[in-house]
Amino acid sequence: MRGLRYYTIGDYGRRALWAIVQPFFRYSPRWIWGWRNLLLRSFGAQVAAGVRIYPTARLHQPWNLQIGTRTTIAWQTTLYALGPIVIGQDCVISQGSHLCAGSHDFRDPEFPLLKLPIRIGNGVWIASEAFIGPGVTLGDRAVVGARSVVVRSVAPGTVVAGNPARPVGDR
């Protein structure tokens, strides 16, 4: 495993710079949505108009983020964007949720990093403290119940809950 490079030199540089800038994001007043969006855009994130990201949200590698209009990312959420995370418009990512777009191939002795995308359709609600795993797609208007663990894609309009998340209804 030694000697593996998970990131490019440029990625390491951007990560270091983002670490320096993060306090300006994290300690900004809650109502200064535009300031946080500006910081994210300056690091390559695609953040549409009307996006509300709470200051205690933890965003890793913002250059891998795309967030649609009028979406809210609540407090203490984690967007671990090792791979792309694409969030549609009019979504709510509730407090404490964790979106993880990375893993390792544990079957390979080299344990390579996998940067698998997460795609979230329009009008999706991810309830409190849910976990969305790498490679998952949530269709338009899907709902993920509180504290659910989603490791497989969810069809549009489907309500899922549990660990692992299973369909429990339709929206």
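The figures that follow rest on heavy atoms only: side chains count, while hydrogens, waters and symmetry mates do not.
Rounding to the nearest 0.5 Å places CD1 of Ile85 at 8.5 Å from CG of Leu59. Taking OG1 from Thr78 and CG from Leu99, the interatomic distance works out to 9.0 Å, rounded to the nearest 0.5 Å. For the atom pair CG of Leu113 and CG of Leu82, the computed distance is 5.5 Å after rounding to the nearest 0.5 Å. Here Ile93 contributes atom CD1 and Ile87 contributes atom CD1; the two are 4.5 Å apart, rounded to the nearest 0.5 Å. From Thr71, atom OG1 reaches atom CD of Gln89 across 7.5 Å, with rounding to the nearest 0.5 Å. Residue His98 holds its NE2 atom at 8.5 Å from CZ of Arg58, rounded to the nearest 0.5 Å.
Here the closest non-hydrogen pair linking Asp108 and Glu110 is OD1-N, 2.8 Å. Looking at every heavy atom in both residues, Ile73 comes nearest to Ala57 through CG2-CB, 4.2 Å. Contact record, Ser128 with Ser97: C-OG, 4.2 Å, taken as the closest heavy-atom pair. Taking both residues in full, the closest heavy atoms of Cys91 and Gly123 are given as SG-N, 3.8 Å, listed atom of the first, atom of the second, then distance. When all heavy atoms of Pro84 and Ala101 are compared, the pair lying nearest together is O-CB, 4.1 Å. Gly102 approaches Pro134 most closely through the heavy-atom pair O-CG, 3.5 Å.
Looking only at distances, a side-chain donor or acceptor of Ser94 sits under 3.5 Å from a matching main-chain atom of Ile126. Looking only at distances, no side-chain donor or acceptor of Thr69 sits under 3.5 Å from a matching main-chain atom of Gly50. A donor-acceptor contact shorter than 3.5 Å links the side chain of Ser148 to the backbone of Gly162.
By the 30° and 60° cut-offs, the orientation of the rings of Trp18 relative to Phe25 is perpendicular.
By the 4.5 Å heavy-atom criterion applied to side chains, Asn37 and Ile53 are counted as neighbours. Here the side chains of Val154 and Val124 are not in contact, with every heavy-atom distance at 4.5 Å or above. When side chains are defined from C-beta on, Thr56 counts as touching Arg26, because their heavy atoms get closer than 4.5 Å. At a threshold of 4.5 Å between non-hydrogen side-chain atoms, the residues Phe43 and Leu65 do not count as touching.
Transitive grouping of hydrophobic side chains (ILVMFWY, heavy atoms separated by less than 4.5 Å) brings Val51 and Leu39 into a common cluster. Linking Ile, Leu, Val, Met, Phe, Trp and Tyr whenever their side-chain heavy atoms come within less than 4.5 Å puts Leu17 and Leu38 in one cluster. Cluster membership for Val144 and Ile118, using ILVMFWY side-chain heavy atoms within less than 4.5 angstrom, is shared. Residues Leu114 and Tyr80 are members of separate hydrophobic clusters, defined by side-chain heavy-atom contacts under 4.5 angstrom among Ile, Leu, Val, Met, Phe, Trp and Tyr. Under a hydrophobic-cluster definition in which Ile, Leu, Val, Met, Phe, Trp and Tyr are linked whenever side-chain heavy atoms come within less than 4.5 Å, directly or via other members, Val150 and Val168 are assigned to different clusters.
Within 6.0 Å of CZ in Arg70 there are more than 12 heavy atoms belonging to other residues, nucleotides or ligands. Other residues, nucleotides and ligands contribute over 12 non-hydrogen atoms within 6.0 Å of the CZ atom of Arg41. The number of heavy atoms from other shown groups lying within 6.0 Å of CZ (Arg30) does not exceed 12.
The only option from Val151, Val149, Leu138 that meets the side chain to side chain contact (heavy atoms under 4.5 Å, CB included) definition with Ile132 turns out to be Leu138.
Residue Trp33 shares its hydrophobic cluster (ILVMFWY side chains chained together at separations under 4.5 Å) with Tyr54, Trp75.
Counting only residues at least two apart or in different chains, salt bridge (Lys or Arg N to Asp or Glu O under 4.0 Å) contacts with residues 118-147 comprise Glu129-Arg147.
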